[in-house]
Protein chains: 2
Amino acid sequence: MYSFTEENYLKTIFYLSIGTQEGVSTNALADSTNTRAASVSDMLKRLAEKGLINYQKYRGVTLTEEGERLALLVIRKHRLWEVFLAEKLQFGWDEVHVIAEELEHIRSERLIEKLDAFLGYPKFDPHGDPIPNAAGEMPRFIYRKLSEIVEGTTVVMTGVSEHSPAFLQHLDKAGLTLGCQLKVNEISDFDKSVSVLIDNVRTLFVSHEVAKNLLVK
Amino acid sequence: MYSFTEENYLKTIFYLSIGTQEGVSTNALADSTNTRAASVSDMLKRLAEKGLINYQKYRGVTLTEEGERLALLVIRKHRLWEVFLAEKLQFGWDEVHVIAEELEHIRSERLIEKLDAFLGYPKFDPHGDPIPNAAGEMPRFIYRKLSEIVEGTTVVMTGVSEHSPAFLQHLDKAGLTLGCQLKVNEISDFDKSVSVLIDNVRTLFVSHEVAKNLLVK
DNA sequence: TAATTTTTTTAGATTAGTCTAAATTTTTTA
DNA sequence: TAAAAAATTTAGACTAATCTAAAAAAATTA
């Protein structure tokens, strides 16, 4: 049984590992966990002793198979609770993350399997991120950014790559929700902002900054 | 903001205070929290400094008004989560306590108020215990024990005074559930066991030990 | 490639919550 | 009511997770 802190380190290492081969650096972890590099060094030693990470001094870390399995189980719990909060308790998608950060550490396998059933075995959380299964396996979808879509193409909004409440609230105000259809009319030469037709109904200008963080298929 | 441990001490002091005027003793707390008296002494000093308990060395403790309010808010969360687990996730009433011991420490007022609404503002948890309101107030019902009911009387089962899984599973097997009607046919001279007619349908013999822990009105 | 800068680790403390053993206070008993 | 027993507190130590400051290693730069 692992502590809240250990679970959080595993989760953070998992997220920082996405899209790189190299190990995660001590400083990157210190930034993400709001601690100092010295504290991270200590913790890495302990996690390595427990066989959850591959760690050589000064070399950065990667998760072992077991470490990754555990990280994905925490992420599974986090995302299932997010679905519960959004769908059953009517929380906004900008509010669910903070609460799920606590709920993800509740220790009961039966609880999470029953919650999964209660929610109807959802495949995605409120931000469009996939939910790992009980074995700690997660499908990897490769979505494109709206900013990379060529003019004239029609796509569907499937996720976001930025999860801050400020960004999500901005999308709410713009009426951009998961599943909406987006036709890229024109990309501005001036500021790379994108003019999109939403659900064949109305046109909206999306800044490049926003377009970079919208995932589509 | 108080730690899990502090919240648990407050809750335990609250429960051990029920039905006595005197303060709760250090040893009683050590028993209930599975720690040693020395650890309890240390913690009592801290809780007293924070104004949550009235504490004089060697004299036992009582909760201050603020301490009681906090204890009742933890109990509110515990009992609401128990309702969620039993009614929405189909856990048995013998299983909900252990999981709610963790969930009760999740810190979000909005979460608990939304959960309350989602559950339809329940007044009682799955064991028949009343749920405190958001202000930390709880109605006090005085129920009698089945063992004190005179022959010929008909009552309704409203609660239990023993919450162990073993006891609750025993009641399940006997078919004794909250709300069932119990007519006391006869109390045995030999072993004080009670013969009861359940819901006007079938007769059951209930041991004195069980009858003492069944609350009725 | 030697010097400088950056990153990481080690050394030594700190805090919350716990422990055992010893000391102290209260309660019980004879 | 004095002695014995029980309950409680204090003293000193431990663990997990953190910190600052200093030392060491790696990376960058001139």
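Values below: all heavy atoms of this structure, side chains included; hydrogens, waters and symmetry mates excluded. Lettering follows sequence order; numbering is per chain, from 1.
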- Nearest-Å distance for atom pair CG/C1', residues B:Leu47 and C:dG17: 12 Å
- Item | cation_pi(B:Lys88, B:Phe118) dist<6.0 Å, angle<=45 | yes
- Residues at least two apart in sequence or cross-chain that pass side chain to side chain donor-acceptor pair (under 3.5 Å) with A:Thr153, listed by chain then number, are none
- Rounding to a whole Å, what distance do you find between A:Asp42:CG and C:dA13:P? 15 Å
- Is it true that atom NE2 of A:His170 has more than 12 heavy atoms of other residues, nucleotides or ligands lying nearer than 6.0 Å? no
- Message: Taking only side-chain N and O atoms of B:Arg36, does any of them lie within less than 4.0 angstrom of OP1 or OP2 on C:dT20?
- Response: yes
- So, is B:Arg46 close to the C:dA16 phosphate, meaning a side-chain N or O under 4.0 Å from OP1 or OP2? no
- Query: CD of A:Glu209: more than 12 outside heavy atoms within 6.0 angstrom?
  - Reply: no
- Query: Please give, in whole Å, the distance from C:dG17 P to B:Tyr2 OH?
  - Reply: 13 Å
- Task: Would you tell me if any nitrogen or oxygen in the side chain of B:Tyr9 comes within less than 4.0 Å of OP1 or OP2 on C:dA16?
- Result: no
- What is the base-pairing partner of C:dA30, counting Watson-Crick and G-U wobble geometry with both distances under 3.5 Å? D:dT1
- Message: Does atom CD (B:Glu148) have a neighbourhood of more than 12 heavy atoms from anything else shown, all under 6.0 Å?
- Response: yes
- Task: Applying side chain to side chain contact (heavy atoms under 4.5 Å, CB included) between B:Glu7 and each of B:Arg107, B:Met1, B:Glu104, report the one that passes.
- Result: B:Arg107
Identify each atom pair where a protein N or O and an N or O of nucleotides 24-29 of chain C are less than 3.5 Å apart, giving names and distance.
unit_1 : atom_1 : unit_2  : atom_2 : d
C:dT25 : O4'    : B:Tyr58 : OH     : 3.4

- What is the nucleic acid contact for A:Tyr55, judged by heavy atoms within less than 4.0 Å: base, sugar-phosphate only, or nothing? sugar-phosphate
- Message: Quick check on C:dG17: is either OP1 or OP2 less than 4.0 Å from any side-chain nitrogen or oxygen of B:Thr35?
- Response: no
- Item | Residues, nucleotides or ligands: over 12 heavy atoms within 6.0 Å of A:Phe205 CZ | no
- Item | Start and end of the DNA chain D segment that chain B contacts, any atom under 4.0 Å from a heavy atom | D:dA7 to D:dT10
- Task: Using a heavy-atom cut-off of under 4.0 Å over every strand shown, decide if B:Thr5 touches base, sugar-phosphate, or nothing.
- Result: sugar-phosphate
- Message: Ring of A:Phe91, cation from B:Lys114 - is the NZ or CZ under 6.0 Å from the centre and inside 45° of the axis?
- Response: yes
- Task: For A:Lys50 and A:Glu6, run salt bridge (Lys or Arg N to Asp or Glu O under 4.0 Å): C-alpha distance rounded to whole Å, both residues' side-chain angles, the deciding distance at 0.1 Å, then the answer.
- Result: CA-CA 11 Å; A:Lys50 296 186 180 186; A:Glu6 289 170 324; 2.5 Å; yes
- Note on the structure: B:Leu29 atom CG is separated from C:dG17 atom C1', nearest whole Å, by 15 Å
- Ignoring backbone atoms, establish whether A:Ser41 has a side-chain N or O less than 4.0 Å from OP1 or OP2 of C:dT9. yes
